[in-house]
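The next block holds one structure in the form of structure tokens; read it before the comments.
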There are 2 protein chains.
Amino acid sequence: MTSQDIELQRDELTAETQTALERAEASHRHEALFSERAHNIKQSAVRDVFDISVRPGLVSLAGGSPSLAKLPLGLVAETASRVITEHGMEALHYGTGKGTPELRALICEIMAEEGILGASPEDVVVTTGSQSAQDIAAKVFCNPGDVVLVEDPTYVGALNTFEAYQVRVEPVRMDEDGLVPDELEARIEALEAEGKSIKLLYTIPSFNNPSGITMAAGRRQRIVDICREHNILVLEDNPYGMLRFDGHPLTPLRADNPDDVIYCGSFSKIFSPGVRLGWALVPKHLYRRFYLAAEAVVLCPSTLNQLIVTEFFRAFDWRGYLAESRAVYAERCKAMLAALGEAFPREAFPAEEGKGIEWTTPEGGFFVWVTLPAGIDTYPLLHEAIDAGVVFIPGAAFTPSDTANSHLRLAFSGVEPERIREGVRRLAPVIRAAVEAHAG
Amino acid sequence: MTSQDIELQRDELTAETQTALERAEASHRHEALFSERAHNIKQSAVRDVFDISVRPGLVSLAGGSPSLAKLPLGLVAETASRVITEHGMEALHYGTGKGTPELRALICEIMAEEGILGASPEDVVVTTGSQSAQDIAAKVFCNPGDVVLVEDPTYVGALNTFEAYQVRVEPVRMDEDGLVPDELEARIEALEAEGKSIKLLYTIPSFNNPSGITMAAGRRQRIVDICREHNILVLEDNPYGMLRFDGHPLTPLRADNPDDVIYCGSFSKIFSPGVRLGWALVPKHLYRRFYLAAEAVVLCPSTLNQLIVTEFFRAFDWRGYLAESRAVYAERCKAMLAALGEAFPREAFPAEEGKGIEWTTPEGGFFVWVTLPAGIDTYPLLHEAIDAGVVFIPGAAFTPSDTANSHLRLAFSGVEPERIREGVRRLAPVIRAAVEAHAG
């Protein structure tokens, strides 16, 4: 099994067991005990398909897994061993709810590399992956019915997290330069007129998951200003920020707005998802409640992993490694774009005949977002794609409503270029047939 | 700094900074954005004292830290190194939301050792410490205002977790055999008559934290039956179950009640808190929602730590290690009981003169619970104890109301016998003076 299939395996149940379980759940005597929010925590239709989609030989363009191929495993192993031998009594014990001071200092160095200068380790909370930082933000700020604004489309994991707090998630349109400021403002005003309480704007400004779109540098301050004016906090999720292909990270929204932005970072894409370490850089006046909420969930992040990551980054040329990683992802992205260009030449798919197929050209990150002619539902296409030996994620997964749409997410991050080409070759006839049928 | 001080360091802020921060929070423009539940996530008065109580030379009888002194660090280091070298591509990647099948199988073996026979790995969710399992249970079952029944006293971390969900926590009295069934029943009926919705009974049946009291074997089924009759789920937290001094774990409530009990276990006390791995064994009909909620918080528990723990337990005589650990804790407990007996001989503290001092005699676990004459508030005594060079946790921390009471928790688990004796020697005059003043 390849690494990129792992995300597909979240649920190993077969679809049949699943249905049986759902029946059992519906009729048991504890049904009445579930909280209201529990009904919002659901397995999406997309994940159901994942369950039956793990097959040997399948090319997975679904999971957004980082490439770990160039990680020096020997050095990681040696670091882990040394941490346990020399600092075992600290590494294997409880730590503080905020994370170790050494890791928080390292995190500030990493953020400086991205353009957040002068952040204090005192304002950092180490979390169990950055997903957990989003969970804490929702917990600390959102009552049921409160609004969280998100990009359309946005990260499926964040949607799951917000929906678990019974939040009303409102997607705002992006164009090729990211979130559209005027639309954001208009939406906020409309929601305010409705009497809604808007708490957060959740944004992935650089190489948005799933679309690969980047919020233009010139637009970033305007977005924060709009939120500030309406007293809305910005929750900036930036796991891919350092993976800009040209090597120059775009300045995060947080950089010049320390009081208005909660910034979420992660070691998952720049080192390893398996250590489950991320962080939040929190405005000083919000810090105490944020870290106490973090502590109430997990007591503390894994001390062992915090020490391993700290020591490893101290011993390792991580800047050089990131440069290598960027080259890997750039090459894979290029392979995917070329394969798409070959599979769907513009002249063969004329937009004026309702056959236009478009895709984004990411400047970094892990994903390409493909748009088929409006009216085609990509969800049933997934079943056909699986039969053809390739898997992707239908666009519906990345919207709060989960309603059918004509987009699909293709991840290039965890797949070798040759397999990417093979995957697109397998996918092409499925898409071609759908487009022809739709136009005809 | 000794390991047992680490729990004290949760918040490194001084009390003054704390107050300044609280003022800043109260006046900032984002104050209105906090969720209702955020106001329930508070730093307890007890933790405030912790902040100023970390001093070199202090004997800490406060933190409930395991003793790791007998852990073979070399073998742990070697295992970690091998896992990364040989299985790095799996260990450093994302895993499934349920945990690895291998670790779930190991967990079933461990539970069998405690008396839970035939549990299926399919019903286990690996969590980021067992605190996280409690968080998920609250999330899945509790609406604001719902009732969770707990033992009086109960684990401060669970109280923090439940209160973050705006749950009404109702403590039920224990006697020397644990939760009193008749009182439990009466309380349930009174709450039902009030129209309250009771969702969970949270219990630490073996060597309760903080009291060290054990729910008698003959009482266990009755407790579950009462809950079943009233359609209340039992949330059984059993981190110390295997640490019964005589080596024979009491059969958990879960054993014969697979449909009515969510069982929480942890590697923190039997191996290492630093890996942050615990688990929940969940009734089949509740499993799906439980693990989806877990996934929404952290995506997956740390794969690296799961592989390390699995491989380490496979290579290690963990049953032998537990036997050694039990002997360590039994010796420390004995040292504490002897020191208390010496410091407070019954004849010098006659109950009939309002001077009676009592303490529990635990059969296992980490804690002794001391009861001073009613009317003495142990909270101000903590300040005096710190001045005398010893720290404990006042009983108020272990009640939902946080109101003054005459109990104190003494942890013997992480302290060498000689230091335990020294700690009690330092504590004795403080308590003696308080008792004399109160009686006089």
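Note on naming: letters A, B, ... go to the chains in the order of the sequence lines (proteins, then strands), and numbering restarts at 1 for each one.
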Quick one: of A:L73, A:I232, A:I136, who has the most non-hydrogen atom pairs under 4.5 Å with chain B?
A:L73
Does the A:R288 side chain pair with the main chain of A:H285, one donor and one acceptor, at a distance under 3.5 Å?
no
Based on non-hydrogen pairs under 4.5 Å, which of B:G88, B:S197, B:C142 is most in contact with chain A?
B:C142
Any salt bridge between A:K98 and A:D123, counting N to O under 4.0 Å?
no
Is B:R104 reaching over with its side chain to a backbone N or O of B:V126, donor-acceptor style, under 3.5 angstrom?
no
So, the part of A:A293 with a heavy atom under 4.5 Å from chain B: the answer is both
Keeping the roles fixed (side chain from B:S132, backbone from A:V297), state whether a donor-acceptor pair exists under 3.5 Å.
no
Can you say whether A:I198 sits under 4.5 Å from chain B via the side chain, the backbone, both, or neither, judging by heavy atoms?
backbone
Say whether, by atom type as modelled, one donor and one acceptor occur between the side chain of B:Y94 and the main chain of A:G64 under 3.5 angstrom.
no
Under a 4.5 Å cutoff for heavy-atom pairs, which residue among A:D259, A:L159, A:L307 has the most contacts with chain B?
A:D259
Donor-acceptor check, side chain of B:R37 to backbone of A:N143, threshold 3.5 angstrom: yes or no?
no
Where on A:P283 is there a heavy atom nearer than 4.5 Å to chain B: the side chain, the backbone, both, or neither?
neither
Taking every non-hydrogen pair under 4.5 Å, which of A:T79, A:L304, A:V140, A:T303 racks up the most with chain B?
A:V140
Among A:A77, A:S81, A:S35, A:P301, single out the residue with the greatest number of heavy-atom pairs under 4.5 Å to chain B.
A:S35
Given that the side chain runs from C-beta out, which part of A:I308 has a heavy atom under 4.5 Å from chain B: side chain, backbone, both or neither?
side chain
Heavy-atom pairs under 4.5 Å with chain B are the metric here; pick the option from A:Q134, A:Q306, A:Q131 that has the most.
A:Q131
Should the ring pair B:F34 and A:F141 be called parallel, tilted or perpendicular, given that the plane angle runs from 0 to 90° and is split at 30 and 60?
parallel
Interface residue of largest heavy-atom contact number with chain B, from A:T85, A:L33, A:L71, under 4.5 Å:
A:L33
Expected output: side-chain B:S266 to main-chain B:G278 donor-acceptor under 3.5 Å
no
Applying a strict 4.5 Å limit to non-hydrogen atoms, the region of A:A138 in contact with chain B is backbone
So which of B:N305, B:T161, B:V275 has the largest heavy-atom pair count under 4.5 angstrom toward chain A?
B:N305
Hits for salt bridge (Lys or Arg N to Asp or Glu O under 4.0 Å) against A:D146, two or more places apart or cross-chain, chain-then-number order -> A:K199
Contact leader toward chain A among B:L277, B:N231, B:V83, B:T128, where contacts are heavy-atom pairs under 4.5 Å:
B:N231
